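Every value quoted in this text rests on a predicted model; they were computed, and no experiment measured them.
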Amino acid sequence: MNVKTVEIVHEGGMRLVARTGSGHSVVMDDGEGSSGARPTELVAAALGACTAMDVLSILDKKRQDFDRYAIHVRAVQREAYPQVFTEIEIVHEVEGPGVDVAAVRRCIELSATKYCPVSAMLSAGATEIHHRYRVIRTGDAPSTEEGEVLVTGPGARPDIVD
């Protein structure tokens, strides 16, 4: 069993500092204090980082050469409480002269359906996640190709809930 720990200390107003079990600190605040990220922004960031680490690792295993990789996350919250994310769009942007679109799509699919625990947790709940890509080929014949790989959630991962 893998256990994660976090200690959160109040520093005044709504400012909180979380210290993770791995020894890293994260500052959080509300819109009024604005001295740190909002907790929901961190959920979106965690999803983006989690899937990015998977995709980067799999791209490396597939020997995909690229010059730049970025991920864009856009999360929509409902107005009513609890203000859960109802929809998230993740766009993996891979740039380089010889990037294989099929390889990128497969990396994203594996992350979304098998490897990323943050994606699995959100997909098991109320959130619909759109997993997309944009491949920018550079060099002699520059081109851009983009599309959607798959949509996960809501309630799409009953296999992970015991």
Side-chain angles (χ1 to χ4, degrees), residues 1-61 64 66-96 104 107-136 146 148-162:
M1 177 182 286
N2 190 359
V3 177
K4 306 292 184 199
T5 62
V6 178
E7 178 179 315
I8 301 172
V9 177
H10 176 239
E11 292 192 342
M14 287 294 143
R15 182 182 166 93
L16 302 165
V17 177
R19 180 99 173 145
T20 67
S22 59
H24 300 280
S25 295
V26 177
V27 177
M28 294 167 280
D29 204 344
D30 65 2
E32 194 173 309
S34 200
S35 66
R38 310 306 176 264
T40 50
E41 290 174 325
L42 294 176
V43 172
L47 173 60
C50 182
T51 189
M53 288 178 185
D54 292 339
V55 169
L56 287 167
S57 175
I58 300 166
L59 282 171
D60 184 53
K61 289 178 178 130
Q64 288 295 299
F66 57 91
D67 299 326
R68 190 180 72 81
Y69 174 81
I71 192 160
H72 307 276
V73 180
R74 181 182 162 273
V76 178
Q77 276 184 284
R78 72 182 198 160
E79 294 291 327
Y81 286 92
Q83 295 174 315
V84 298
F85 289 137
T86 56
E87 183 179 331
I88 298 176
E89 177 186 64
I90 305 167
V91 180
H92 299 262
E93 193 172 272
V94 186
E95 183 175 332
V104 170
C107 294
I108 294 167
E109 178 186 12
L110 286 169
S111 176
T113 61
K114 185 173 183 178
Y115 295 118
C116 178
V118 179
S119 180
M121 284 184 262
L122 289 168
S123 293
T127 309
E128 179 177 278
I129 304 174
H130 294 259
H131 304 267
R132 301 178 187 275
Y133 68 92
R134 181 177 304 116
V135 172
I136 303 165
E146 54 190 295
E148 186 165 78
V149 177
L150 75 155
V151 178
T152 58
R157 295 296 306 267
D159 60 308
I160 61 169
V161 182
D162 291 331

So which of I8, V26, D29, V27 actually passes side chain to side chain contact (heavy atoms under 4.5 Å, CB included) with V17?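 Going through the options one by one, the only one that passes is V27.
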
With the side chain counted from C-beta on, respond yes when [X] and [Y] share a heavy-atom pair under 4.5 Å apart, and no when they do not.
X    : Y    : value
V151 : E128 : yes
T40  : Q83  : no
E89  : R132 : yes
V149 : Y133 : yes

Euclidean distance, [Y] [atom2] relative to [X] [atom1], rounded to 0.5 Å:
X    : Y    : atom1 : atom2 : answer
S25  : E7   : OG    : CD    : 10.0 Å
T113 : I108 : OG1   : CD1   : 11.5 Å
C50  : M121 : SG    : CE    : 7.5 Å
R38  : D30  : CZ    : CG    : 7.0 Å
L150 : E109 : CG    : CD    : 6.5 Å
H92  : H72  : NE2   : NE2   : 10.5 Å

Given the rule in the side-chain contact (heavy atoms from CB on, under 4.5 Å) test, do F66 and L56 qualify, once you have shown the distances and angles that lead to the verdict? CA-CA 10 Å; F66 57 91; L56 287 167; 3.6 Å; yes

Kindly say whether R68 contributes a backbone atom to a donor-acceptor pair with the side chain of E95 at under 3.5 angstrom?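 No; zero donor-acceptor contacts below 3.5 Å.
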
Minimum heavy-atom separation for V84 to A126, with atom names?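 Shortest heavy-atom separation between V84 and A126 comes out as CG2-CB, 4.4 Å.
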
For E93 and R134, run salt bridge (Lys or Arg N to Asp or Glu O under 4.0 Å): C-alpha distance rounded to whole Å, both residues' side-chain angles, the deciding distance at 0.1 Å, then the answer. CA-CA 5 Å; E93 193 172 272; R134 181 177 304 116; 2.5 Å; yes

Please list all pairs passing the side-chain hydrogen bond (donor to acceptor under 3.5 Å, both in side chains) test where one or both residues lie in residues 42-55, with sequence neighbours left out.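 Counting only pairs at least two positions apart or across chains, the side-chain hydrogen bond (donor to acceptor under 3.5 Å, both in side chains) contacts touching residues 42-55 are T51-S111, D54-S111.
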
